Amino acid sequence: MTDAAAATDTQSDTVQTKSMDDIMALCKRRGFIFQASEIYGGIQGFWDYGPLGAQLKKNLRDAWWNDVVMMGCNGQNGPNGKPVEIVPLDSCIIQNPKVWEASGHVAGFNDPMVDCRESKSRYRADHLMCLGEKGDKEGQIYAYVESDDDSYAAARKKLDKYKKRTLTDDEVDTCALTDLGADELAITVGPDAKEAGTLTEPRAFNLMFDTITGAIRDEANKVYLRPETAQGIFINFKNVVDTTRVGVPFGIAQTGKAFRNEVTPRNFTFRSREFEQMEIEFFCHADDAEAWYAFWRDWRMQWWQDLGLAGENLIMREHDRDELAHYAKEGAGTADVEYRFPFTAPGYGELEGIAHRTEFDLKQHQTHSKKKMEYHDTTRGEPLPNGQPKGEWYLPHVIEPSAGLDRGVLALICEAYTPDPDRASKVFMKFHPRIAPIKAAVFPLVKKDGMPEKANELRRELVQKFGRYGAIEFDEKQSIGKRYARMDEAGCPYCFTIDGDTMADGTVTVRDRDTQDQSRMPMADVAGFLAEKLGL
RNA sequence: GCGGGUGUAGCUCAAUGGUAGAGCGUCAGCCUUCCAAGCUGAAUGUUGACGGUUCGAGUCCGUUCACCCGCUCCA
C-alpha cells in the first residue's frame, strides 16, 4: 500500500466513513464472506465465500475472462493497430520444483529474518552487515543496515564510544551478519539497540507452502504450491506457440489459486494466504514493449473504472525505479492500480500490477531447463530476394497485468457499501448491475388474487434468460418493504413487482435500488430492460 | 514476531462472582394493493477453546486460537 496522493483526499471522505467492522459484519450476515474453518476457531489468512460472495467473485472473474480473453480487450486494437490476441491456459498449482528455482522464488521466498528483542525491529538477515575493530575477537560487534549511511554511521559511533576513541577506516573490519557464529551474535549490538545479544538467530520464513508428492514422505519429493500463476504460463509458452496459431505479439491468460505463507495476514481478505489471481502474460518484441506496457496500463485502469470503481478511490500509480522487482529493473516500468480501502485510507492498496518483466522469466527457464525458448518471428528481419522477411529469433519481452481477484471482490464490496439512514435497511450494496450477484427479484405484491402465479411466470422467463449471469430471486413472504430492504442489502439492482394492475393491463412496477424510484412498464418489456441494464 | 484491543444467539450488544438477556434478523400463522407496518407464536448459546481459583466463573488468573489497530514484513 502507499499513501501517495493521499494529500488530495480531503474532498471525498466517503471511504473513511465506512467502517470495516460494519462491512465485515454485513459480509457475514448476508453470506458474502465467512471466516474459513470458523467452527474450529478459524485459521489465519483463509476465508470462504458464501452464496452471494461466490457469485460475486464468479461475476468478476467472468467479466475479466470475457473482456480480456474472449473479446481481446473488448475488441479494441492494440498499439500495432491490430486486434489484441489473447489465449487462455489452465496450468497446475503444483509443478516441478525446478520451476520455482528458475523463477527465483525458492531463493527469494526464503529470506532469513532477524528480530531484535530490544528495539522490536525486524530485519532481513542478508541486509545486515556488522563492523568491529580489526583483530578484536571479544569486544562488541555492531550491526547496521547495508547501504544505509545513517545506520552505518550510527554503528561507527557506537563502536567509537565503546572503544573510547575514534577509529580510522583502516582499523575497522566489516562482514555480513549471516557469517557470524552464535558466539559472535551474542556480543553483537543491533542496528537500533543499545545492548548486545538482543538479535535472534536468523530464521527462515517459508513464504512458499510445500507438500510432498508420492505415498512415501520423502523430502526429495518436496513440491511447492505456486505463489503466482505466472510461471505456469511461462513454462507453457513454447507449447502454446507450437500448437496454437498465435504469433507475437499475443498474450496468455489464466485465473487460478495461488498461495503465499504471508508473515502477517491482515485486513480481511486483502492479504490472504490462499488467493486467486487473474494474470496475463503478454509477449511482444523488446522494441514494442514500451508501447504495449502503456496500452495495458491504461486499459486495465479503464476496466476497473467501468466495473464501478470510478472516482478518486481508484488511482494508477507508477512505481519509482528503486522499488521495482528484480525482474523489472531494466524494463519500461511497473504501475499499480490501487484502491483506497477503508483500512488503507488515506493510503491505497494494490488491486493489480502491470509490470514489464522484460525477457527475464523466459531466459531463466531457458537457462534452467536447457530448452530453447526463443520465438521465430517470420515478420521481422531483412527482406529476402523473394520479398519475404528473413525472420528473427528472439526471446519475447513480457508485459504482465496481474490482478488479485479476491482484492477486486473486496474493493467492489467496499465501494458498493453505502450507508443510508433514510432507508429501511440502513445500508445498501450499490453493485454495478454487471457484477451484482443477484440480478433481479420478482415479487407478488400480495400473496393472493393470482399474483404469485403471474410473478412466477416472470421469474421463469428471467431465470431462463439471465440465470447464467446471476441469481433471480423470488419472494412472496412478508411485507413488500421488507422484501425491498432485503434486496438492498444483497445489492440486487432491480425488483419487479406484480400487483392488481398487472392482472388488468399487464404492467409491472420496477423499483430501482439506488434511487428507490418506482415506475411501471409492460411485463413483456422487463427482459429487454434488464438486458440493457446488465450490458448484454 | 512485538505491543495494544476484542471475543456472549445469525447480526449488534447487555448481564455487582449468584437462574444467560434484549433489539434486529430468521421461521410459522394472521393481516396487508408498494418500502423492514401491525398482531400472535417459535427456533437459536458447552458465553472462542483448554485449564486453574472458588460453595459457585460470562465475570478473577493462566494458556491457547481467531479477529481488529499500531509496528514489522510483503521475491
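None of these values were measured; they are calculated from a predicted model.
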- Message: What's the closest nucleotide to the side chain of A/H105 if the choices are B/C74, B/U32, B/A75?
- Response: B/A75

- Query: Which listed nucleotide (B/A36, B/G10, B/C34) is nearest to the side chain of A/S479?
  - Reply: B/A36

- Query: Ignoring hydrogens and angles, does a donor from either the side chain of A/R423 or the base of B/C35 sit under 3.5 Å from an acceptor on the other?
  - Reply: no

- Message: Return the pairing partner of B/G7 with a 3.5 Å limit on both distances, Watson-Crick or G-U wobble; otherwise return none.
- Response: B/C65

- Message: Return the pairing partner of B/G70 with a 3.5 Å limit on both distances, Watson-Crick or G-U wobble; otherwise return none.
- Response: B/C2

- Query: Between B/U26, B/C69, B/C34, which nucleotide gets closest to the side-chain atoms of A/Q478?
  - Reply: B/U26

- When you measure from the side chain of A/M24, which nucleotide among B/C34, B/U32, B/C67 comes out closest? B/C67

- Item | Residue pair A/Y49 / A/D406, side-chain heavy-atom distance below 4.5 Å | yes

- Query: Atom CD of A/E228 and atom P of B/C74: how far apart are they, to the nearest Å?
  - Reply: 16 Å

- Taking the nucleotide of RNA chain B with the closest heavy atom to each, which residue, A/D512 or A/P265, is nearer the 5' end? A/D512

- Whole angstrom is fine here: how far is it from CZ in A/F428 over to C1' in B/A36? 16 Å

- Item | A/R29 with A/E489: basic N within carboxylate O range, under 4.0 Å | yes

- Task: Side chain of A/A25 only, please: which of B/C11, B/C35, B/U33 is the nearest?
- Result: B/C11

- Note on the structure: In Watson-Crick or G-U wobble terms, with both distances under 3.5 Å, the base opposite B/G56 is none

- Message: Parallel, tilted or perpendicular, judged at 30° and 60°: which one describes the rings of A/F234 and A/H365?
- Response: tilted

- Item | Nearest-Å distance for atom pair CZ/C1', residues A/R273 and B/C67 | 13 Å

- Task: Can you check whether any acceptor in the base of B/C68 is under 3.5 Å from a donor in the side chain of A/D21, or vice versa?
- Result: no

- Query: Nearest-Å distance, CG (A/D449) to P (B/U33)?
  - Reply: 9 Å

- Looking at the side chain of A/R266, which of B/C34, B/U26, B/G3 is the nearest nucleotide? B/G3

- Could you check how far CD of A/Q35 sits from P of B/G7, rounded to whole Å? 16 Å

- Item | OP1 or OP2 of B/C67 under 4.0 Å from side-chain N/O of A/Q44 | yes

- Message: Testing the basics here: between A/S91 and A/G232, what is the closest heavy-atom pair and its distance to 0.1 Å?
- Response: OG-CA, 3.4 Å

- Rounded interatomic separation in angstrom, taking OH from A/Y494 and P from B/C35: 20 Å

- Query: Within the pair A/N261 and B/C74, is there a side-chain N or O less than 4.0 Å away from OP1 or OP2?
  - Reply: no

- Mind checking the C1' distance from B/G56 to B/A43? Whole angstroms is fine. 30 Å

- Item | Same-atom distance (P) from B/C11 to B/C68, integer angstrom | 15 Å

- Task: Quick one: label A/G31 by what it contacts on the DNA or RNA (base, sugar-phosphate, nothing), any heavy atom closer than 4.0 Å.
- Result: nothing

- Message: Please give the distance between the P atoms of B/U46 and B/U72 as a whole number of Å.
- Response: 40 Å

- Counting side-chain heavy atoms from CB outward, which of B/C69, B/C35, B/C27 is closest to A/R486? B/C27

- Quantified in whole Å, what is the C1' atom distance between nucleotide B/C50 and nucleotide B/A66? 15 Å

- Residue closer to the 5' end of RNA chain B, A/K477 versus A/R483 (nearest nucleotide): A/K477

- Message: Using the ring pair (Phe, Tyr, Trp, His ring centres under 6.0 Å) definition, which of the options A/F46, A/F343, A/W47 pairs with A/F268?
- Response: A/W47

- Task: Look at the aromatic rings of A/F32 and A/F431 and report parallel, tilted or perpendicular, splitting at 30° and 60°.
- Result: tilted

- Name the orientation class of the two ring planes belonging to A/Y144 and A/Y152 (parallel below 30°, tilted from 30 to 60°, perpendicular beyond 60°). perpendicular

- Task: Tell me what A/Y40 touches on the nucleic acid: a base, only sugar-phosphate, or nothing, going by heavy atoms under 4.0 Å.
- Result: nothing

- Message: For A/E279, is there an ion pair with A/R226 - N to carboxylate O distance below 4.0 angstrom?
- Response: no

- Query: Hey, is the side chain of A/K482 poking within less than 4.0 Å of OP1 or OP2 on B/A37, counting only N and O atoms?
  - Reply: yes

- Message: Please classify the nucleic acid contact of A/M451 as base, sugar-phosphate, or nothing, using heavy-atom distances under 4.0 Å.
- Response: base

- Expressed in whole Å, how much space separates the P atoms belonging to B/G25 and B/G62? 41 Å

- Item | Distance, C1' atom - from B/U40 to B/G52, rounded to whole angstrom | 48 Å

- Using purine N1 to pyrimidine N3 plus N6-O4 or O6-N4 for Watson-Crick, or N1-O2 and O6-N3 for G-U wobble, both under 3.5 Å, which nucleotide pairs with B/C39? B/G29

- Message: Whether A/K426 contacts B/C24 is assessed here as follows: a side-chain N or O lying under 4.0 Å from the phosphate OP1 or OP2. Is that the case?
- Response: no

- Query: With rounding to whole Å, what would you report as the distance between B/A57 and B/U19 at their P atoms?
  - Reply: 12 Å

- In whole angstroms, the gap separating P of B/A66 from CD of A/E262 amounts to 16 Å

- Nearest-angstrom distance, C1' atom, B/G10 to B/C73: 36 Å

- Note on the structure: note: A/E489, atom CD; B/G25, atom P; distance rounded to Å ~ 10 Å

